[in-house]
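Shown next, in structure tokens, is the structure this report addresses.
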Amino acid sequence: MQVLQVQTEVGADPAEVGRVRRWVKVWLARSGIELDETLAESVILIVSELVTNAVVHTGEPAVLSLRLPGVLAESPGTVRVEVADISNRPPQPRHADGDATHGRGLELVDGLASRWGWQPEGAGKRIWCEVDRQADCQRDRQADRQVDRQADRQVDRREVASAGQVRPACAVAFPA
């Protein structure tokens, strides 16, 4: 399988997160992943959270790496995100209270990623996660089934729902 690996340095300024999101969108599109796919939306949110954590908690630059399935890949593949920073402190997942404005980053990553973890690297660490396109499609299908049950109707998943929740890449018809 063809794989594309790219990386960029992220400055210590939290404003860099917007630039990094745009950079990720370019590389997702170049690898053949549509930006309106749930996979792309998940990867962009994960990158935002991990880069923000690295920059805010260390006050130092970080390095973002992406490993993407190539355009000519035969299977849908997996997107791997890695963020390396200079802190040797392990990530501390927290559960934020309802009104809290911080503390949800790793909880979001855990909910969106197929797998994630971290490892020491030099004097710092590398946090990584992987998002499988197939797992992403399964999450879409589960959410679609729940909506169907709530609405007590069958949805033709070969068409894009007006709410934008059904993705053509994950199209499946369920028997009545």
Side chain to side chain, V47 and V43, heavy atoms closer than 4.5 Å: yes
So do the side chains of L108 and I46 get within less than 4.5 Å of each other, counting heavy atoms only? no
Within a strict 4.5 Å, meaning less than it, do heavy atoms of the L50 and C129 side chains meet? yes
Find the distance between CD (Q92) and NE2 (H57) and round it off to the nearest 0.5 Å. 10.0 Å
Checking S114 side chain against D132 main chain: does a donor-acceptor pair fall under 3.5 Å? yes
Closest non-hydrogen atoms of A12 and P61, given as atom of the first, atom of the second and distance, are CB-N, 3.9 Å
Is R67 paired with E130 through a side-chain N to carboxylate O contact shorter than 4.0 Å? no
Look up atom CH2 in W128 and atom CD in Q119, then write down how far apart they are to the nearest 0.5 Å. 8.0 Å
So E37 and R133, do their side chains get closer than 4.5 Å, heavy atoms only? yes
Give the minimum heavy-atom separation between V10 and R19, together with the two atoms involved. CA-NH2, 4.0 Å
Are W116 and V81 side-chain neighbours, meaning at least one heavy-atom pair lies under 4.5 Å? no
Which heavy atom of P69 sits nearest to which heavy atom of S31, and what is that distance? O-CB, 3.2 Å
Hey, does L68 have a side-chain heavy atom less than 4.5 Å from the side chain of L28? yes
Write down the atom of D36, the atom of E41, and the distance for their closest heavy-atom approach. O-OE2, 3.6 Å
Check whether any side-chain heavy atom of L64 lies under 4.5 Å from a side-chain heavy atom of V24, and answer yes or no. yes
Say whether, by atom type as modelled, one donor and one acceptor occur between the side chain of K125 and the main chain of R89 under 3.5 angstrom. yes
Under a 3.5 Å cutoff, is there a donor and acceptor pairing between the side chains of T58 and D85? no
Under a 3.5 Å distance rule, please check whether T52 uses its side chain to pair with a backbone N or O of E49 as donor and acceptor. no
For W27 versus L66, what's the shortest heavy-atom pair and its separation? CB-CD1, 4.4 Å
Flag the pair L39 / V79 as yes when at least one side-chain heavy-atom distance between them is below 4.5 Å, and no otherwise. yes
Return the minimal non-hydrogen interatomic distance between G11 and E16, and the atom names on each side. N-OE1, 2.9 Å
Check whether the side chains of Q7 and S65 place a donor and an acceptor atom closer than 3.5 Å, and report yes or no. yes
Flag yes if V51 and I86 sit in one hydrophobic cluster, no otherwise; membership is Ile, Leu, Val, Met, Phe, Trp, Tyr, and two members link when side-chain heavy atoms are under 4.5 Å apart. no
Under the criterion side chain to side chain contact (heavy atoms under 4.5 Å, CB included), I'd like the reasoning laid out for V3 against R80: C-alpha separation, chi angles, the key distance, then a yes or no. CA-CA 11 Å; V3 175; R80 184 175 174 101; over 6 Å; no
